[in-house]
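What follows is one structure encoded as structure tokens, with my remarks underneath.
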Amino acid sequence: MEQLGHKKWGFQGNQELNASSISVRGVLNQLMANRNKDDQRSTIPLGRADPTMFPSYRTTSSAADAVADAVQSFQFNCYPPTVGVADARRAVAEHISKDLPYQLSADDVYLTVGCTQAIEIVVSVLARPGANILLPRPGYPQYEARVRCSNLEARHFDLMPEKGWEVDLDSVEALVDENTVAMVIINPSNPCGNVFTYQHLKKIAETARKLGIFVISDEVYGHLAFGSNPFVPMGVFGSIVPVLTLGSLSKRWIVPGWRLGWIVTTDPNGIFQESGFVESLRSYLDITSDPPTVIQGALTQILEKTKEDFYSKILNILREDANLLYEGIKEIPCLTCPHKPEGSMVVMVKLNLSLLEGVTDDVDFCMKLAKEESVIILPGITVGLKNWLRITFAIEHSSLEDALGRIKAFYYRHAKNK
């Protein structure tokens, strides 16, 4: 149709992008918009693992000093190398090697704009016609969205709540065919809050090797383990199967806004190099954006000078908050937590709709809770499990107590047979 003497416009939105854009941020924005503006109470954010607004979760002063030193040196105002500043890459290699039975080099490390860009880069490099990738369910929705945008096929293996959210390795084997390129694990887990044991990680490695696929290990919550299972990096098993390790400063140092992450080829047998994966990774980095040079310049000092007492303090706070949430949920009849959180900053909680009047599903529960109680919780469908909830416990202790009280009041207001 012609209008005002010219042809119809030749552009439109990308509908495939719209269909794949389910995100934590998008869902939380909808929940925030549904709050009662007349509620004078503060909003309690249990939906997003970003505790930076809370004094208990302030980053270490040595990290802030490192950034100030980098800025004042005037050496990091330039564009960085596409793979990252050499000293920063070397520092990451040394930092990760402390937990491995072999030594990494700077050439194994590629710096990214947070772990989100690391996901984008890896998925884009793997994308080819007909290829598929195995994702955990529940999982982190950024993988799902990026896979769809890249025209990869996502196939989902289950995490088993009755077994502490371990990977169902039988379902992994059933999903793999000649076009499967990799499987993703997240450890410590977002959204489940579990930490895989050494034995289970070894089984994952052996299964992946047998199937001829490599493992993408998302360790953005690396070392944030405060239960009975210690954190074991998947790279420990790099001699069994090639492992691509993703990580960042965001969670352990509580600085998600600094946007500094990494991709590490934990692969002592050099399979990534031989396959051409590393060459494609470097080519992709040539056409994408870089993390801020000044943060790269601060990275060595951050990794080398952060003291153990900072790490211990954060773990103690997380452990206390996780215990408070786990015990508090027991007092809310419509909620069940099948596995006490042992790591990360989040946990999955099952919703029993049969005990509630006028609540249709997890999304409806979260929308009504936001409106009536100004408490924000992420619906489980966002991470792949309908009628579950993902709850963040990394907030001030007093705020978490307040939130549990509000959720309990919400339950009794909507309970059947009151």
Side-chain angles (χ1 to χ4, degrees), residues 13-35 37 42-54 57 112-124 135-150 154 184 186 188-193 218 220-221 224 246-261 288-289 291-292 344-349 361-371 374-386 388-395 399 403:
N14 183 340
Q15 297 303 313
E16 289 187 12
L17 177 60
N18 295 344
S20 68
S21 61
I22 295 174
S23 66
V24 172
R25 187 176 299 181
V27 172
L28 293 180
N29 286 341
Q30 292 180 36
L31 293 170
M32 291 292 285
N34 202 53
R35 290 172 300 164
K37 304 302 187 291
S42 62
T43 299
I44 304 178
L46 303 184
R48 192 175 184 186
D50 178 2
T52 53
M53 66 184 287
F54 301 107
Y57 286 92
T112 61
V113 184
C115 201
T116 299
Q117 193 197 34
I119 295 169
E120 173 193 332
I121 292 168
V122 171
V123 169
S124 298
L135 304 179
R137 181 174 51 207
Y140 183 53
Q142 190 69 30
Y143 285 96
E144 188 85 33
R146 183 51 57 183
V147 164
R148 289 185 183 177
C149 287
S150 301
V184 173
I186 305 172
S189 175
N190 174 12
C192 303
D218 184 327
V220 73
Y221 286 97
L224 291 183
L246 312 185
S248 81
L249 286 180
S250 298
K251 304 302 182 180
R252 194 182 188 195
W253 284 267
I254 316 176
V255 287
W258 290 9
R259 312 312 301 138
L260 196 291
T288 192
S289 55
S344 77
M345 300 177 177
V346 295
V347 70
M348 290 297 289
V349 174
D361 58 21
D362 54 321
V363 175
D364 191 38
F365 179 94
C366 292
M367 291 291 277
K368 286 184 166 76
L369 182 66
K371 192 174 192 66
S374 296
V375 174
I376 306 297
I377 290 176
L378 192 71
I381 190 66
T382 311
V383 297
L385 277 190
K386 186 175 176 62
W388 287 68
L389 309 170
R390 192 197 77 169
I391 302 180
T392 302
F393 49 83
I395 68 170
S399 296

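Residues Asn190 and Arg390 are in side-chain contact: their nearest non-hydrogen atoms beyond the backbone lie under 4.5 Å apart. By the 4.5 Å heavy-atom criterion applied to side chains, Pro292 and Leu260 are not counted as neighbours. Residues Thr392 and Pro45 form no side-chain contact, since every pair of their non-hydrogen atoms from C-beta on lies 4.5 Å or further apart. Side chains of Ile119 and Asp218 form a contact here, defined as non-hydrogen atoms less than 4.5 Å apart.
Trp258 pairs by the side-chain hydrogen bond (donor to acceptor under 3.5 Å, both in side chains) definition with nothing, not counting sequence neighbours. Residues satisfying the side-chain hydrogen bond (donor to acceptor under 3.5 Å, both in side chains) criterion with Glu120, sequence neighbours excluded, are Tyr284. The side chain to side chain contact (heavy atoms under 4.5 Å, CB included) check on Ser248 picks up Cys115, Val220, Ser250, with sequence neighbours excluded. With sequence neighbours excluded, no residue satisfies side-chain hydrogen bond (donor to acceptor under 3.5 Å, both in side chains) with Asn34. Thr43 meets the side chain to side chain contact (heavy atoms under 4.5 Å, CB included) test with Met32, Arg35, Ser374, Ile376; sequence neighbours excluded. Not counting sequence neighbours, Lys371 has no partner by the salt bridge (charged side-chain N to carboxylate O under 4.0 Å, His left out) test. With sequence neighbours left out, the side-chain hydrogen bond (donor to acceptor under 3.5 Å, both in side chains) criterion links Asp362 to no other residue. Residues that satisfy the side chain to side chain contact (heavy atoms under 4.5 Å, CB included) test with Ser189, not counting sequence neighbours, are Pro191, Cys192, Asn194. With sequence neighbours excluded, no residue satisfies salt bridge (charged side-chain N to carboxylate O under 4.0 Å, His left out) with Arg48. Applying the ring pair (Phe, Tyr, Trp, His ring centres under 6.0 Å) rule to Tyr221 yields no partners; only residues at least two apart in sequence or on another chain are considered.
Taken from CG in Asp361 to NZ in Lys386, the straight-line distance is 4.0 Å, to the nearest 0.5 Å. Note that CD1 of Ile377 is 12.0 Å distant from OG1 of Thr382, once rounded to the nearest 0.5 Å. Of the inter-residue distances, the one linking Met345 atom CE with Ile254 atom CD1 reads 5.0 Å to the nearest 0.5 angstrom. Here the OG1 atom belonging to Thr116 is positioned 11.0 Å from the CD1 atom belonging to Ile121, to the nearest 0.5 angstrom.
Minimum interatomic distance between Tyr57 and Ile395 (heavy atoms only, all atoms of both residues): CE1-O, 3.6 Å. Here the closest heavy-atom approach between residue Ala394 and residue Pro51 is recorded as O-CB, 3.1 Å. Minimum interatomic distance between Ser150 and Ser124 (heavy atoms only, all atoms of both residues): OG-OG, 4.0 Å.
Gln117 places a side-chain N or O within donor-acceptor distance of the main-chain N or O of Ser289, the cut-off being under 3.5 Å. A donor-acceptor pair under 3.5 Å links the side-chain atoms of Lys251 to the main chain of Ala49, judged by distance alone. The closest donor-acceptor contact from the side chain of Arg252 to the backbone of Leu249 lies at 3.5 Å or more, if one exists at all. Looking only at distances, a side-chain donor or acceptor of Lys37 sits under 3.5 Å from a matching main-chain atom of Ala33. Here the side chain of Arg137 pairs no donor or acceptor atom with the backbone of Leu385 at under 3.5 angstrom.
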List the steps, then state whether side chain to side chain contact (heavy atoms under 4.5 Å, CB included) holds for Leu31 with Met367. CA-CA 6 Å; Leu31 293 170; Met367 291 291 277; 3.4 Å; yes

